[in-house]
Amino acid sequence: MTSMLQNDVPAGYIASETDILARFAATTTRLAAARDEIRRVILGQDAVIEQCLAAILSGGHALIVGVPGLGKTRLVEALAAALGLATRRIQCTPDLMPGDILGSEVLETDAAGGRSFRFIEGPVFTELLMADEINRASPRTQSALLQAMAENRVAVAGLNRALPEPFHVLATQNPLEQEGTYPLPEAQLDRFLFEIRIDYPSLPDERAMLLATTGIAQAEVRPVLDPAGLRAAQHLVRAMPVGEHVLDGILRLVRGARPETPLIPELAEALAWGPGPRAAQALMLACRARALLDGREAPSLDDVAALAPPVLRHRMGLSFAARAEGAGVEALIGRVVTKALG
């Protein structure tokens, strides 16, 4: 582990194995505390919390899909509070314009009568951006986020303007509404590291939720990390070693989920397209992040299997014939995972 983590040190400093392990232990302790803080207000969604944290630790973005009333907005607020990130929220509607997200220039007149343009930043200039019901925004407005998500900068009025670091987008999507919605194009879906599905809580969790949220006192999330601490944790994720068996498993899985190189024969007819190399990159980083959250020094094939659905489900398109027969992406992913990882 020592040689793989040497980059996570100041220039000119040679880290000892003790220093590296101390940083690793301190980071895992703080991440566990952040997860516990989020769990105090988001009940019964441990897998969702873990996937959101893994996406952010990987330096990526996440699309959270679920019906209204499941606490998606509260989840994003809790994540921002626990990680110490500045956050802004966009409520996406069909009449939302790109300038409402990116910002715009305004013409101002000073006391001497001189005129000049001043740029007013939009809500995208934050550390954690929540795009609520992103599929209700028009394609033109959705595309305003594409450069921000891909390059951490936006082009406004002919100038490239850098976004804060870290910068993450957590977008929500309501799967029920069809009228007045605009499905995200494949290119933008691919920019989301995960598509996270949030379901109804269990009966005990929903009971606890009712008691916790309908009284006078409301639980508040305390900050555990800050932007610098999060950046250090993200660096640690990228420095974490990955075994050859895990690397080979990721490649078998991603390549085997494509219709051109199917790991199971029916994929050739069932899929219109499959995951590209960005899916393998997402799995590589996310598995490391999950291992770090669990306090392990390297990822395993269990991490690959656990994170395959949120990484692949929005990167695989069913053919018309498969949709007509009622085939589901989740079932296909499960079979490919079993075949690829044993």
Side-chain angles (χ1 to χ4, degrees), residues 1 4-5 8 20-21 23-25 27-36 38-39 45-64 79 83 168 170 190 192-199 230 232-258 263 274-316 329-342:
M1 182 175 176
M4 295 299 293
L5 296 182
D8 190 33
I20 295 166
L21 293 176
R23 288 202 306 276
F24 180 85
T27 300
T28 55
T29 299
R30 296 181 73 185
L31 289 174
R35 182 163 50 184
D36 290 342
I38 299 168
R39 284 173 172 169
Q45 300 290 353
D46 288 352
V48 172
I49 294 170
E50 179 184 77
Q51 290 173 20
C52 287
L53 285 172
I56 292 174
L57 285 172
S58 302
H61 316 285
L63 179 64
I64 305 172
L79 283 162
L83 299 177
H168 301 280
L170 294 183
D190 198 36
F192 287 102
L193 191 91
F194 286 164
E195 181 185 307
I196 300 171
R197 301 283 175 88
I198 182 169
D199 295 319
L230 178 59
Q234 291 172 339
H235 194 156
L236 196 59
V237 166
R238 286 185 171 268
M240 185 177 290
V242 178
E244 289 290 335
H245 68 293
V246 175
L247 174 61
D248 291 340
I250 290 172
L251 288 171
R252 279 198 308 273
L253 175 61
V254 173
R255 293 180 62 83
R258 298 170 185 164
L263 204 57
R278 192 175 286 123
Q281 294 170 337
L283 263 178
M284 189 79 155
L285 289 170
C287 290
R288 291 163 162 169
R290 188 173 188 265
L292 184 63
L293 285 168
D294 285 347
R296 291 178 281 113
E297 297 175 4
S300 67
L301 289 176
D302 290 338
D303 297 314
V304 180
L307 295 177
V311 168
L312 297 179
R313 62 168 60 111
H314 59 299
R315 294 183 166 100
M316 299 170 65
V329 169
E330 296 287 328
L332 292 174
I333 292 173
R335 294 186 59 193
V336 175
V337 167
T338 301
K339 184 75 172 178
L341 307 180

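FYI, side chains are in, hydrogens and waters are out, and symmetry mates aren't considered; it's all heavy atoms of this structure.
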Worksheet entry | Steps toward side chain to side chain contact (heavy atoms under 4.5 Å, CB included) verdict (I196, L63) | CA-CA 6 Å; I196 300 171; L63 179 64; over 6 Å; no
Fill in: Stepwise side chain to side chain contact (heavy atoms under 4.5 Å, CB included) check, L247 with M284
CA-CA 8 Å; L247 174 61; M284 189 79 155; 3.9 Å; yes
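Without hydrogens or angle criteria, E50 side chain to R290 main chain gives no donor-acceptor distance under 3.5 Å. For R315 (side chain) and G274 (main-chain N/O), no donor-acceptor pair under 3.5 Å exists by modelled atom type. Checked by atom type and distance alone, the side chain of R288 never pairs as donor or acceptor with a backbone atom of V242 at under 3.5 Å.
Closest heavy-atom contact between R35 and L53: CB-CD1, 3.9 Å. The shortest heavy-atom contact between A280 and I250 is O-CG2, 3.9 Å. When all heavy atoms are compared, the tightest approach of V337 to A305 is CG1-CB, 3.9 Å. Nearest heavy-atom pair across D46 and R39 is OD1-NE, 3.5 Å. The minimum heavy-atom distance linking P277 with R258 is given by the pair N-NH2, 3.7 Å. Heavy atoms only, all atoms of each residue included: A308 and L253 are closest at CB-CD2, 3.7 Å.
Note on D303 versus R296: salt bridge recorded, some NZ/NE/NH1/NH2 to OD/OE distance being below 4.0 Å.
At a threshold of 4.5 Å between non-hydrogen side-chain atoms, the residues L193 and V311 do not count as touching. Here the side chains of R313 and R197 are in contact, with some heavy-atom distance below 4.5 Å. Put simply, the side chain of V304 does not reach to within 4.5 Å of the side chain of P299, judged on heavy atoms. Two residues are said to be in side-chain contact when any heavy atoms from C-beta on lie closer than 4.5 Å; T28 and D294 fail this criterion. A heavy-atom distance below 4.5 Å is not found between the side chains of F194 and I64.
For R278, the salt bridge (Lys or Arg N to Asp or Glu O under 4.0 Å) partners are D190, not counting sequence neighbours.
Sorted by first and then second residue, the side chain to side chain donor-acceptor pair (under 3.5 Å) pairs involving residues 51-62 (not counting sequence neighbours) form an empty list.
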